[in-house]
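Only one structure is covered here, and it is reproduced in the block below.
All chains are named by letter (A, B, ...) in the order of the sequence lines, taking the proteins before the strands, and each is independently numbered beginning at 1. Worth saying up front: this structure is predicted, and the values here are computed from it rather than measured. Values below: every heavy atom of this structure, side chains too, minus hydrogens, waters and symmetry copies.
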Amino acid sequence: MGRKAAADGPFTQIWKFFSSVKLTVVLLLTLAVTSIFGTLIPQMGNPAQYVAKYGEFLYRLFSLLNLFDMYHSWWFRLLIMLLTANIVVCSIDRLSSLWKIVFTKKPRFNPKQFHKVPTQVDFKMDAPLEKVRDTYASYLAKAFHYSRVEPSGKGVCIYAEKGRWTRLGVYIVHLSVVLLLVGGLIGSLFGFEGFVNIGEGDTVDHIRLRPGNQVQALGFSIRCDDFDVSFYDSGAPKEYRSTLTILEDGKKVLTRDIIVNRPLRYRGINIFQASYGTLPSNSVKLRFTDRASGMVYQVRAVIGKPVALPENRGTLVINRYNPSSEFRGHPIGEAFEATLKIKGKPDQEILLPLRFPSFDKMRRGDLVIAVAGFDQRYYTGLQVTRDPGVPVVYAGFIIMIAGCFITFFLCHERVCVELVPAGDKTRVTVMGTSNKNKFGMRRKVAHLGEKLSRLKT
Amino acid sequence: MTSSTILSIVTFVYGLAAFLYLAGWVFEKPLAGRMGTWTSVIGAAGNAAGIILRWVESYRMGIGHAPLSNLYESLVFFSCVLAIIYLVVEWRTGSRVISAFTAPLACLAMAYASLSPNISDRIQPLIPALKSNWLIAHVITCFIGYAAFAVAFGLSIMYLFKQEGDDAGQEGLSARLPSRAVLDELSHRMVMFGFLFLTTGIITGAVWANSAWGRYWGWDPKETWSLITWFIYATLLHARLMRGWHGKRIAVLSIVGFMAVMFTYFGVNLLPGLHSYGAVG
Ligand code: HEM
C-alpha cells in the first residue's frame, strides 16, 4: 500500500491483484454459479448412463470439462486456490496497518471526528466543571476499557473506548476459511474412506477403499460378534446395532456396540454403521425321508463337509448356496446345490430349493432330501474412514463461528464527552462513533447521555 | 385439541395478521396495524404452543423426539422464528410497515405445511440416522438463519419499492415506508444475523454428517446448495465494501440469496441424486 502505480513491479502488481475485494466478489460468485452444475449433473456416475442421458456429444463435452466429478476437477481446485491466495494476501495487506491501530498503548482521538456525527446529546449539569469532570471520568473509566481526559479549546474532553480488539474479528473469520481448506487438504492427502462387510462371527483386517476398490490393511482386526436391526411397528427401521471386537495380533483389545451416529474410533480410524444385509449361514438342517419305511431323519450339515446318509447308504455334500437358482430355465429362488454319493451309484448333482420341500421327490430316489431349516446370518456394513484433517477443520469451524459473532455483533465504540463551563453550571455534549452499526451507536449515545445526566456530582 | 389443529388455525391467524398490516399500510390506518401486531403475537404464541404440544404428543406415542425431524416440522419452526424476528424488528424500529412484507411469508410457510398434499403432518418415529443431538442443533440454526434471510428479503423488496429521495417529495404508499437508508441498514443487520446462523447451520450439519457417516463434507446436492447460498451472502457482505455497491445492487443480491435459500429448502428434491436417508426438509 502507498506505493506509486508507476513504480509497480510485477510482484507489486500481483500483490495488488490478490489484495482486491473485487476479486473476492468475482471468485465467490463464480464458485456459487459453477457449483450449480455439479448439482444438476449427477456426479461420478458411469459413462454408459451419461451417454444414454446426454448423448455422445454432450458426454464428450462434459467430460472434457470434468463436469462428472467437478468438485475435484483442476479448475474448481484452481478457483479455491485463488480464493485462498486472495484471503491470505488481503489479510496480510490490511493487517499490518490494523495491527498498529489495535495494539497501541495510547489510542488517538480526534474531536473533529466526533463532531461530524449527527447524533449528539446535549444537556446542562448543575455543578462546576471540575466536579462534573471528576465524576464522569471515574464513571467512564469503569464503563469503558480505556479512557482519558484532555483539555479542549473551551473546556475539557473525556475520551473513552472499548472493543478495539473486535476489529480483528474479520481476520479471525478469514483465518478460519484458510484452516478449513488446510484441513480438507490434509484429509485428502493422508486420509482414506472405505467400507467392509463383516458377517456375524467373522473377522477382517482389511477394507476396500472408495473410490477405486483397492485393498487397505487396517493394522488391526475387527470382529463382528453380533448384528441386530430393530423395527418400529410401522416397519421403519429403528436401530442398527453391531457389536464389534477389536483384535491386535489375535488378542482382544476392546468390545463395543456401534449404532448410527455413535461410531467407534480406534487408532485414528473411525468405524461407522452404514448398512447391513444377510449372508447364508454355513450350516443347514436337512431332513431325509425314507420312502420305503417312512422314517424321517434330521441332520445338520455344514457347507462343504460330507454328511452320512441314513442306514449307511453313502454321503451328501452341500456345495453352495444359490440365492436365485433355476431348474430347467424356471427360477426356483433360494436353493442349495449338493452332490449325492450313494454307494454303488455314480455321483449325482442335486438341487434343494428352500421353497419347495418335496422337490427332491422328482428324483425318485430311495431317500427324499429337503431343507428343514436354514438360518441366515447378518453381515454388518461398515464405513471405515481415517481423516487426520478433522481436528484442523473443527478448529476452523469453532473460530469461524466465533469470528462471525465478533464481526457482526461487537464493535469498536468510542465516545467523547465534552464539558464546557457555563457560569457555575457545565454544558455537556455526548458524542460517539463506532466502526459499524451506526443506528445501534446512536441508541447507545442517547442511553449514555441519559445515564450521565442523572449522575450525582 | 391436537397440535396439527392448532397449527392449522395458526395459519389463518398469520393470514389475518398479514391482512391487517397490509391494510394499515395501504389505507393508512394505524389501528389496523396495531391489531396486526396483536394478531401476530397470538399467532406466534399459538405457533410455539403447537410445537411444544407436538413434542408432548410424540412422547405420549412412545416415540418422543424434538419436533424438528421432517419438512412439516421444519416449516412450522421456520414460521415461528420468522414471526418472532419480525415482531422484534417491529418493536425495535417502531415501524409496522416492515411486517406487512414479512407476515405474509409466515402465513405462506404455514399454509404450505398445513395444506400441501405432499407434506404429512403425522408424527413419525425417528429413523436411526436422525437420532442425533447434532440434528436438532442443525435444524434450529439453519432455520433461524433462513428466517432472518426471509426478513432481509422482505426489506430488500421494500427497498426496491421505495422511491429515491427524501420523504418530503413523496406521496402514497412509498412515502409510508421507512427511508432507504434505514431499510438498507436493517436488511444488512438481518443478513449478518442470518449469515452467522447459516454458517453455524452448515457447520453443525457437517459435524452431524461426520458423526453419522464419517465424512463432514460430501458434495451432495443439498450440501452444495447450502454452500451456494453461503457464497451468495458472503458475496453480498463483501460487495458492500466495494465502492458503488450500495443500495439497489445489494438489495438484488439479497433477493437472489433468498431464492437460493428457497431452492436449498425445496428445490433440491427435484434434482437428480438423493440426500439419502438424511433428508430433513
Ligand atoms: C469464503 C471466504 C470468505 C468469507 C467467509 C469471508 C467473510 C467475511 C466476513 C464475514 C466479513 C465481515 C463483513 C462485514 O463486516 O459486514 C468480511 C470482511 C472482509 N473480507 Fe472477507 N471473507 C471471505 C473471503 C475474503 C477474501 C478472499 C478477501 C480478500 C480480499 C476478503 C476480504 C475482506 C475484507 C477486506 C473485509 C473487510 C474488512 C474490514 O471491514 O475492515 N474476504 N469477510
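Shown here is A/Asp233, whose CG atom has no more than 12 heavy atoms of other residues, nucleotides or ligands within 6.0 Å. For CG of B/Asn133, the number of neighbouring non-hydrogen atoms (other residues, nucleotides, ligands) closer than 6.0 Å is 12 at most.
Highest contact tally toward chain A, considering only B/Leu253, B/Thr224, B/Ile232, is held by B/Thr224 [criterion: heavy-atom pairs under 4.5 Å]. Among A/Val33, A/Asn270, A/Val21, the residue with the largest count of heavy-atom pairs under 4.5 Å with chain B is A/Val21. In terms of non-hydrogen atom pairs under 4.5 Å with chain A, the most contact-rich of B/Thr199, B/Ile63, B/Val207 is B/Val207. Ranked by heavy-atom pairs under 4.5 Å with chain B, the first of A/Thr385, A/Ile398, A/Val25, A/Val384 is A/Val25.
Of the inter-residue distances, the one linking B/His238 atom NE2 with A/Asn86 atom CG reads 8.5 Å to the nearest 0.5 angstrom. One distance of note links CG of B/Asn210 with CG of A/Asn261; it measures 10.5 Å at 0.5 Å rounding. Distance check: B/Trp230 CH2 to A/Leu28 CG gives 8.0 Å after rounding to the nearest 0.5 Å. Put simply, OG1 on B/Thr200 and CZ on A/Phe405 are 10.5 Å apart, with the number rounded to the nearest 0.5 Å. Atoms CH2 and NZ, on B/Trp245 and A/Lys22 in that order, are 10.5 Å from each other to the nearest 0.5 Å. Put simply, OG1 on A/Thr407 and CZ on B/Phe195 are 10.0 Å apart, with the number rounded to the nearest 0.5 Å.
Contacts between A/Arg386 and chain B at a heavy-atom distance below 4.5 Å are absent for every atom of the residue. Heavy atoms closer than 4.5 Å to chain A are found nowhere in B/Phe263, neither backbone nor side chain. Only the side chain of A/Thr24 comes within less than 4.5 Å of a heavy atom in chain B; its backbone stays farther off. Only the side chain of B/Leu237 comes within contact range of chain A, judged by heavy atoms closer than 4.5 Å. If you measure heavy-atom distances from A/Ile36 to chain B, the contacts under 4.5 Å come from both the backbone and the side chain. Residue A/Ile259 does not touch chain B at all, counting heavy-atom pairs closer than 4.5 Å. Neither the backbone nor the side chain of B/Ile202 has a heavy atom closer than 4.5 Å to any heavy atom of chain A. Interface residue A/Phe408: backbone and side-chain heavy atoms are both found under 4.5 Å from chain B. In this structure, chain B has a heavy atom under 4.5 Å from the side chain of A/Asp387, while its backbone stays farther away. With a 4.5 Å cut-off on non-hydrogen atoms, A/Val393 touches chain B through its side chain but not through its backbone. If you measure heavy-atom distances from B/Trp217 to chain A, you find no contacts under 4.5 Å at all.
In terms of heavy atoms, B/Ser211 sits closest to A/Pro263 at O-CD, 3.5 Å. Here the closest heavy-atom approach between residue B/Ala212 and residue A/Phe272 is recorded as O-CD2, 3.6 Å.
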(request) Start with the C-alpha distance between A/Arg443 and B/Arg92, add both sets of side-chain angles, then the distance that settles side chain to side chain contact (heavy atoms under 4.5 Å, CB included), and finish with yes or no. (result) CA-CA 11 Å; A/Arg443 221 175 299 124; B/Arg92 293 292 287 268; 2.7 Å; yes
(request) Please lay out, stage by stage, how A/Thr39 and B/Trp219 fare under the test side chain to side chain contact (heavy atoms under 4.5 Å, CB included). (result) CA-CA 8 Å; A/Thr39 68; B/Trp219 293 110; over 6 Å; no
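Aromatic ring pairs are classed by plane angle as parallel below 30°, tilted from 30° to 60° and perpendicular above 60°; the pair B/Phe193 and A/Phe409 is perpendicular.
Proximity to chain B at a heavy-atom threshold of 4.5 Å picks out A/Gly183, A/Gly184 from residues 176-185 of chain A, in numerical order.
The closest donor-acceptor contact from the side chain of A/Tyr232 to the backbone of B/Leu126 lies under 3.5 Å. A donor-acceptor distance shorter than 3.5 angstrom exists from the side chain of B/Lys131 to the backbone of A/Lys238, with no hydrogens or angles considered.
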